[in-house]
Amino acid sequence: MNKNKVISPFKPASHQHQKCLKSAIDAAKKHCELSGLRLTPIRQRVLELVWQNHEPVKAYDILDNLKKGKSSSAPPTVYRALDFLQDEGLVHKIESLNAYVGCNNPKELHNSQFFICDDCGAVAELDDVDIRELLQKKAHRFGFRIADEMVEIKGQCKECHESGV
Ligand SMILES: [Zn+2]
Ligand SMILES: [Zn+2]
Ligand SMILES: [Zn+2]
């Protein structure tokens with residue numbers, strides 16, 4: 001197994017996003033089946049809305065989108081669905097943006113490192129063992145125990161800085 005995984009690169013320039021969406025939903029279904037959990041219609045709908053593109057999505061945008069459809073749902077239902085998806089590693093919350101991104105690697109719970117583009121909002125996700133080991137080592141020196149080590153790094157993606165914005 002490759003130790004230093006790129007879980008998701010920055011958004012592929014032109015691609016058939018339907019395929020990403022479908023494989024994410026399929027992976028979620030399989031994950032829930034194997035874990036004896038239910039991907040209820042609202043959970044699936046919320047997951048689809050997180051996966052509408054490769055950019056982080058805010059909870060209120062999901063609520064807005066649901067309102068446009070016929071299946072309007074109360075905010076607590078949507079937040080519960082997001083909590084469920086987050087617990088199962090199907091989405092991650094980017095704390096600094098207070099927004100969610102889909103993860104297509106739910107099989108193993110992992111800590112992630114995110115590169116976040118300030119200009120277009122695109123996100124890349126890594127699960128890099130070198131970074132994790134380094135953080136562990138540094139934390140150890142302080143007698144600090146890491147509980148949650150999501151790393152969020154802001155900047156400009158290649159596409160944005162090359163277009164000179
Ligand atoms: Zn896509
Ligand atoms: Zn992930
Ligand atoms: Zn960008």
Side-chain angles (χ1 to χ4, degrees), residues 1-35 37 39 43-59 61-62 64-66 69 78-136 139 146-165:
M1 193 178 75
N2 185 355
K3 286 203 311 169
N4 296 331
K5 274 185 292 203
V6 175
I7 294 189
S8 45
F10 281 109
K11 62 179 176 220
S14 66
H15 71 292
Q16 285 185 296
H17 187 62
Q18 281 308 317
K19 278 190 192 157
C20 304
L21 185 64
K22 190 177 179 300
S23 80
I25 301 298
D26 287 348
K29 281 183 181 156
K30 198 177 278 173
H31 171 78
C32 288
E33 214 176 274
L34 290 174
S35 319
L37 298 163
L39 190 66
R43 288 170 174 173
Q44 179 170 338
R45 189 72 195 110
V46 169
L47 184 62
E48 283 166 5
L49 289 169
V50 172
W51 271 100
Q52 59 188 316
N53 52 44
H54 292 271
E55 285 150 37
V57 182
K58 290 189 186 283
D61 288 330
I62 294 172
D64 261 10
N65 254 307
L66 284 168
V78 172
Y79 284 106
R80 273 200 300 272
L82 281 168
D83 283 346
F84 169 84
L85 297 171
Q86 205 185 338
D87 286 346
E88 294 308 316
L90 297 166
V91 305
H92 297 302
K93 187 173 186 187
I94 310 268
E95 297 287 347
S96 61
L97 302 175
N98 194 22
Y100 298 85
V101 283
C103 179
N104 50 20
N105 190 34
K107 292 170 288 289
E108 324 157 30
L109 285 178
H110 51 272
N111 288 301
S112 324
Q113 300 87 38
F114 293 103
F115 291 132
I116 304 159
C117 179
D118 273 331
D119 291 346
C120 69
V123 167
E125 181 184 351
L126 313 175
D127 177 13
D128 189 309
V129 172
D130 292 341
I131 297 175
R132 278 165 43 196
E133 283 177 356
L134 191 63
L135 281 173
Q136 288 292 353
I146 296 178
D148 182 359
E149 45 152 75
M150 294 288 187
V151 177
E152 303 180 8
I153 299 163
K154 300 282 188 69
Q156 243 186 346
C157 76
K158 188 164 185 269
E159 223 171 283
C160 285
H161 69 72
E162 279 181 354
S163 69
V165 185

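Below, each value reflects all heavy atoms present in this structure, side chains not excepted, and no hydrogens, waters or symmetry copies. All residue numbers in this chain count up from 1 along the given sequence. Every value quoted in this text rests on a predicted model; they were computed, and no experiment measured them. Order of listing sets the numbers, starting from 1, for every ligand and every atom in it.
Listed here is the closest heavy atom pair of L135 and I146: O-CD1, 3.8 Å.
Under 2.8 Å from the Zn ion (ligand 3), one finds the following protein N/O/S atoms: C117 SG, C120 SG, C157 SG, C160 SG. Inside a sphere of radius 2.8 Å centred on the Zn ion (ligand 2), the protein N/O/S atoms present are H92 NE2, C103 SG, H110 NE2, E125 OE2.
D119 and Q156 are linked by a side-chain donor-acceptor pair at a separation below 3.5 angstrom, with hydrogens and angles left out of the test. H92 and Q86 share no donor-acceptor pair across their side chains, judged by distance under 3.5 Å alone. No donor-acceptor contact under 3.5 angstrom links the side chains of H54 and E125, judged on distance only.
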Given side-chain contact (heavy atoms from CB on, under 4.5 Å), test Q113 with E152 step by step and report yes or no. CA-CA 6 Å; Q113 300 87 38; E152 303 180 8; over 6 Å; no
For the pair V50 and L82, evaluate side-chain contact (heavy atoms from CB on, under 4.5 Å) and give the outcome as yes or no after the intermediate values. CA-CA 9 Å; V50 172; L82 281 168; 4.2 Å; yes
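Contact check on E48 versus R45 returns a salt bridge, with a Lys/Arg side-chain nitrogen under 4.0 Å from an Asp/Glu carboxylate oxygen. Under the 4.0 Å criterion applied to side-chain N and carboxylate O atoms, K22 and D26 are assigned as salt-bridge partners.
The N, O or S atom of H54 with the smallest distance to the Zn ion (ligand 1) is NE2. Of all N/O/S atoms in H17, ND1 sits nearest the Zn ion (ligand 1).
More than 12 heavy atoms of other residues, nucleotides or ligands lie within 6.0 Å of NZ in K58, so this atom counts as buried by the packing criterion.
Atom CG in L66 sits 11.0 Å away from atom CG in D61 (nearest 0.5 Å).
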